[in-house]
Student: 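Sharing a structure here in C-alpha cells format.
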Protein chains: 2
Amino acid sequence: MVSSSGTESRRVTIHDVARSAGVSRQTVSRALNDKDEIDGATKQRVLDAARELGYRPSRFARGLVRQDTTTIGLVIPDLLNPFFTEVAAAALEAARARGWHVVVYDTADRAEEEFGTLQVIASQVDAVVGYFSCSEQDLERFTRGLPVVLIGREHHTGRFSSIRIDGEEGVHTAVAHLVAAGHRHIGMLDHDGRAEPSVRREWFATAAAAHGIAADRVVGAPQSADGGGTALRKLLGTHPEVTAVFTFNDIIAIGALREARRLGRSVPEDLAVVGFDGLQLGTLVEPPLSSVALDTRRLGALAIDQVARLLTGLEPLGADDLVVRAQLRLGGSA
Amino acid sequence: MVSSSGTESRRVTIHDVARSAGVSRQTVSRALNDKDEIDGATKQRVLDAARELGYRPSRFARGLVRQDTTTIGLVIPDLLNPFFTEVAAAALEAARARGWHVVVYDTADRAEEEFGTLQVIASQVDAVVGYFSCSEQDLERFTRGLPVVLIGREHHTGRFSSIRIDGEEGVHTAVAHLVAAGHRHIGMLDHDGRAEPSVRREWFATAAAAHGIAADRVVGAPQSADGGGTALRKLLGTHPEVTAVFTFNDIIAIGALREARRLGRSVPEDLAVVGFDGLQLGTLVEPPLSSVALDTRRLGALAIDQVARLLTGLEPLGADDLVVRAQLRLGGSA
DNA sequence: AACGCTCACGTGAACGCTCACGGGACCAGA
DNA sequence: TCTGGTCCCGTGAGCGTTCACGTGAGCGTT
C-alpha cells in the first residue's frame, strides 16, 4: 500500500512489477503501453501492481530502444524578459516543424548559473543553442561533443556557430531619423550588466559621429523598466538639454517612456524615444514605441536551422548567412 | 572527411569511433569524457575520429547507466502570453531548487497540438504539469504511467492532480470596488476561446448579483490586446451606458485600455478597467492596470511541489491545499 | 486423430553507453 | 631475475526497456 520508502531507494523496474503481478516483463510492457495480446484481467492486475509499487518507466531505457527524437536545449538569460520569450517561441515553432523537442532553461541572468545549467543540460540534449556570457573555453568544457549555436555573440571557434545580430544599419537609420526631426542632443540608456560598453552603444557612437553629433550622454541602466526609468531621470538630471534617447532595448525604453510622462515630458514632443528589439510589447504602450526591430522569428528559425545542419552533418551555414539585421520600425515615440 | 550520408543512416555509435581509431569503446569513452588513464596522443586520435564520423553520444544510453536527474514537462498554451511565461519562470525556479529539469512546450493555443505534444512528451519526462483543454480521457491515454498536475482546471481523477485558481473572492472585491466608485453599468470582456462561458465570467456574474447589478453586458474577446480592443468597441457600441469593464485577463484589459484612449475615453474617469492575472506587464501601461492578481510564483512552486510528492510517493497535497487565490490589486485604471 | 489457427504469454537479444575490474608493457630497485 | 609499481588500455557485465520471435493451451475443422 505505502510505497516502500527505504533509506535508499533502488529504482522500481519493470521486473519488480512483473514479479509482483506474477507475469513476465513483456506482459507488463504490454499492459502499460496498451497493446494487444493481453487478457483484460491480467492487464488490470499488472496496472494495479504497478501503481502499488509506484513504478514509473525509465525514459532512458525506453528512449534507448525506441530511438527517440532529438532534443535541443535552449538557454536564455531570463524567461520574464519578453525578448527572450519571443526568441524561444520562434525556436519552439521551428523545432516543432522538424518534430524536435526543445528544452528551455533560464539562467536567471546570472553567469554562475550558466555552468550549472550547461553541466546539467549536456547529458540531456543533442545540441545547445542560446545566450551565454561565459568564456568559450568554459563552453567548450561543459558541452563536450555537442553542437553549439550562440546567439548575439561574436566569434566562433571549432564546433561553435554564432548568430550575429547586426544593428549597425538600423541604429544609423534611427539616429538619422532623430536628427532629421531636429534633435541635436541625443542621449543613450545603455545596459549596465556587463563590464564593457555594449555593441549597441558602439553602433550608436558611430552613427552619432556620422551625423556630427556627440555620443557622450550615456547612462547605464539595469535590465528592467524601472531601471530604464531611473536611468532616464539620471540622464536628464545631468544633461537637461537632451531631447531624444536611444535605449539598449525596448524594456528600458518603456521604462523611460513611463518616466518621461511622470516628469511631465510628453512623448515625442518633449522627448523622443527609440528602443531596440522591436518587441510586440512596444505596440501596447502609448505612444507605441519606435524601435530598431529584430526579426525574432527569423532569429529562432535560423538557430534551429543551423543546429539541424550541425546535427545531420550537412554543410553548416557560414558567418555571412548567420546574421539577423535590425531595422528601424516607427511607432509614435519618435 | 565528409560524413557518410548514406541513403539510410544507422546511428554512429561509440563502437564505430573505437574501430576507426583502433581502440576500444572504453578508451573512446575516456577521451570524450575527459577522464584520466589515457595517453594524450590517443585521446586526440579518438577525438579526431569522433569528429570525422560525426559521432554524438546517445543521451539515452548515457542517462540509462548514469541514472540521471528527473525531468518534468511543462505544457503551456502560448509562450508569448506573459501570464504563462510568468508561471513557467516560477516553475523553472522551483524545479531548479530541486535540481530538476523542466522541458517547456507550448501548444500554440491549439487543442490539436495537445495530443502531439503529449505523445511526444510522454517518453521524455517523468511527470507532466500544465494547462490542457483536452478531455481527461485523452490525457489519461497519452500520459500513461506519468503523474500529471493540471493547472486552472477543476476535477481530478485517478493519478491526476489539479491546482485550482480561485478568483471568486477577488472578483467579488473588484466588483465591490467598482460599485463603491459609483459604477452601476459594468461590462465584461470574456475569453471567447472555449465554447462555454468561462469560470471567471461566472465569478463576475455572482459578484454582480450580490451587488444587485446586471451581468449581461458581456462580449467575447480573442486572447490578445487587439482582441480586447475590438471587443471593447463592440461592447460600448451595444451598451453605451457602460462605465466600467472587467476583463478575462490582463492582456485583454490592456487592449481595452488602449482602445479606450483611442475612443477618447479617459481612464479611469470615463471608463474604469479591471483585469485578471496581475501581470507585471500591467504596471508598464498608463495608467497602471488594476487587476485581480494571481501569485504566479506560488502557482509554479505549488505545481512543482505536488509533482515532487507524486514522484517520490509522499502523501500528495489535497484539493484544499492546491489552491491559489487571486486578490484585487489596484493600479490606477479603476 | 491430426492439423491449423488464434489467443495469451514468455524468452533471448539488442539498444549504446559506463563502471569495475583485469592485464600487459615498461621501468626502477633489490 | 624477480618483485612491485605506474601507466595505458581492453573485457565482461549491466543499466531498463522493447522487439522479434517462440511456445503451449484451447478450439474447431476435416
Side-chain angles (χ1 to χ4, degrees), chain A residues 8-47 49-50 53-71 122-126 144-146 311, chain B residues 8-47 49-50 53-71 119 122-126 144-146:
Chain A
E8 58 71 70
S9 54
R10 198 183 58 80
R11 184 182 185 99
V12 179
T13 77
I14 200 174
H15 212 97
D16 301 322
V17 178
R19 189 149 22 95
S20 164
V23 295
S24 73
R25 303 171 314 213
Q26 179 61 10
T27 301
V28 175
S29 176
R30 276 191 270 256
L32 261 51
N33 294 358
D34 208 21
K35 299 222 172 163
D36 296 345
E37 308 196 352
I38 183 173
D39 186 73
T42 313
K43 181 173 174 177
Q44 193 53 53
R45 189 154 40 92
V46 171
L47 257 32
L53 296 175
Y55 167 75
R56 57 197 174 87
S58 155
R59 67 175 189 285
F60 292 113
R62 180 175 283 173
L64 184 56
V65 51
R66 291 218 278 227
Q67 300 291 39
D68 264 337
T69 46
T70 71
T71 298
S123 61
Q124 295 276 348
V125 301
D126 302 302
R144 227 149 250 300
L146 299 182
L311 237 34
Chain B
E8 58 70 73
S9 54
R10 199 183 57 78
R11 185 184 183 97
V12 178
T13 77
I14 200 173
H15 211 96
D16 300 322
V17 178
R19 189 148 24 94
S20 165
V23 295
S24 71
R25 303 169 314 211
Q26 178 61 10
T27 301
V28 175
S29 176
R30 276 191 269 254
L32 261 51
N33 296 356
D34 209 19
K35 299 221 171 164
D36 296 345
E37 307 196 354
I38 184 172
D39 185 75
T42 313
K43 181 171 175 178
Q44 194 53 51
R45 188 155 41 93
V46 170
L47 257 32
L53 296 175
Y55 167 74
R56 58 198 172 86
S58 153
R59 66 174 190 286
F60 291 113
R62 181 176 284 172
L64 185 56
V65 48
R66 291 218 278 226
Q67 302 290 37
D68 265 337
T69 45
T70 72
T71 298
Q119 206 154 19
S123 61
Q124 294 276 348
V125 302
D126 303 302
R144 228 150 249 301
L146 300 181

Student: Considering only side-chain heavy atoms of A/Leu64, which listed nucleotide, C/dC9, D/dC19, D/dG16, is closest?
Tutor: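 Looking only at side-chain atoms, A/Leu64 lies closest to D/dG16.
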
Student: Describe the nucleic acid contact of B/Asp36 in one word from base, sugar-phosphate, nothing, applying a heavy-atom distance below 4.0 Å.
Tutor: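 No contact at all - B/Asp36 keeps every heavy atom at 4.0 Å or more from the nucleic acid.
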
Student: In whole Å, I'd like the distance from the CG atom of B/Asp16 to the P atom of C/dC17.
Tutor: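 Going from CG in B/Asp16 over to P in C/dC17 covers 9 Å.
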
Student: Roughly how far, to the nearest 0.5 Å, is the OG atom of A/Ser29 from the CG atom of A/Asp34?
Tutor: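 One gets 11.5 Å once the value is rounded to the nearest 0.5 Å.
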
Student: Hey, does the side-chain of A/Arg25 have a donor or acceptor N/O within less than 3.5 Å of a partner on the base of C/dG12?
Tutor: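 Present.
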
Student: Of all the choices, C/dC17, C/dA8, C/dT11, which nucleotide is nearest to the side chain of A/Thr42 once you look at every atom?
Tutor: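 Within the option list, the nearest is C/dA8.
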
Student: Rounded to whole Å, how long is the line connecting atom CZ of A/Arg19 with atom C1' of D/dG16?
Tutor: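 About 14 Å, once rounded to whole Å.
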
Student: Could you tell me how far apart A/Ile14 (CD1) and C/dG10 (C1') are, to the nearest whole angstrom?
Tutor: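 Between C1' of C/dG10 and CD1 of A/Ile14: 13 Å.
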
Student: Toward the 5' end of DNA chain D, which comes first, B/Arg45 or A/Ala61, by nearest nucleotide?
Tutor: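 Final value for this comparison: B/Arg45.
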
Student: Closest approach to the side chain of B/Val65, judged atom by atom: which nucleotide of D/dC15, C/dG10, C/dA8 is it?
Tutor: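 Of the candidates, D/dC15 comes closest.
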
Student: How close or far is atom P of D/dT17 from atom CG of A/Leu32, stated in whole angstroms?
Tutor: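 The answer, rounded to whole Å, is 9 Å.
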
Student: Across all strands shown, which nucleotide pairs with D/dT30 by Watson-Crick or G-U wobble geometry, both distances under 3.5 Å?
Tutor: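 Pairing partner, where one exists within any strand: C/dA1.
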
Student: Specify the separation, in whole Å, of atom CG of B/Asp126 and atom C1' of D/dG16.
Tutor: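 Distance, rounded to whole Å: 13 Å.
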
Student: Please pick, from D/dT18, C/dC17, C/dT18, the nucleotide with the shortest atom-to-atom distance to any side-chain atom of B/Tyr55.
Tutor: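 My answer, after comparing the listed nucleotides, is C/dC17.
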
Student: Which nucleotide sits closest to the side chain of B/Thr27: C/dG10, D/dA13, D/dG10?
Tutor: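 Nearest nucleotide to the side chain: D/dG10.
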
Student: Kindly say whether, by distance alone, the side chain of B/Arg56 makes a donor-acceptor pair under 3.5 Å with the base of C/dG16?
Tutor: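 Between C/dG16 and B/Arg56, which were checked side chain against base, a qualifying N/O pair under 3.5 Å is absent.
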
Student: Within this structure, what is the CZ-to-C1' distance between A/Arg62 and D/dC19, rounded to whole angstrom?
Tutor: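 From A/Arg62 CZ to D/dC19 C1': 14 Å.
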
Student: Looking at the side chain of A/Asp39, which of C/dC9, D/dG10, D/dC9 is the nearest nucleotide?
Tutor: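 Nearest listed nucleotide: C/dC9.
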
Student: Using a heavy-atom cut-off of under 4.0 Å over every strand shown, decide if B/Lys35 touches base, sugar-phosphate, or nothing.
Tutor: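 The answer is sugar-phosphate, as B/Lys35 gets under 4.0 Å only of primed atoms, P, OP1 or OP2.
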
Student: Hey, what do you get for CG (B/Asp16) to OH (B/Tyr55), rounding to the nearest 0.5 Å?
Tutor: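 Rounded to the nearest 0.5 Å, the CG-OH separation comes to 9.5 Å.
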
Student: For residues A/Leu47 and A/Leu32, report the shortest heavy-atom separation together with the two atoms involved.
Tutor: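 So the two residues come closest at CD1-CD1, 3.7 Å.
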
Student: Atom OG1 of A/Thr27 and atom CZ of A/Arg45: how far apart are they, to the nearest 0.5 Å?
Tutor: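 Answer rounded to 0.5 Å: 9.0 Å.
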
Student: Rounded to the Å, how far apart are A/Arg30 CZ and D/dT18 C1'?
Tutor: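 These atoms are roughly 11 Å apart.
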
Student: Side chains of B/Thr13 and B/Arg25: any donor to acceptor distance under 3.5 Å?
Tutor: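 Short answer, no.
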
Student: Indicate whether OP1 or OP2 belonging to C/dG10 is found under 4.0 Å from a side-chain N or O atom of A/Ser24.
Tutor: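 Looking at the OP1 and OP2 atoms of C/dG10, one of them is under 4.0 Å from a side-chain N or O of A/Ser24.
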
Student: Would you tell me if any nitrogen or oxygen in the side chain of B/Ser29 comes within less than 4.0 Å of OP1 or OP2 on C/dT18?
Tutor: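 True: B/Ser29 side-chain N/O within range (under 4.0 Å) of C/dT18 OP1/OP2.
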
Student: Between C/dC9 and A/Glu37, counting only base atoms on the nucleotide and side-chain atoms on the residue, is there a donor-acceptor pair under 3.5 Å?
Tutor: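 Checked by distance alone, the answer is yes.
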
Student: If you look at every heavy atom in A/Asp36 and A/Arg30, which pair is closest and at what distance?
Tutor: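 For A/Asp36 and A/Arg30, the tightest heavy-atom pair comes out as O-CD, 3.5 Å.
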
Student: Rounded to whole angstroms, how far apart are CG on A/Asp34 and C1' on C/dA8?
Tutor: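 Answer to the nearest Å: 16 Å.
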
Student: Out of C/dA8, D/dT17, D/dC19, which has the shortest distance to the side chain of A/Gln26?
Tutor: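 Selected nucleotide: D/dC19.
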
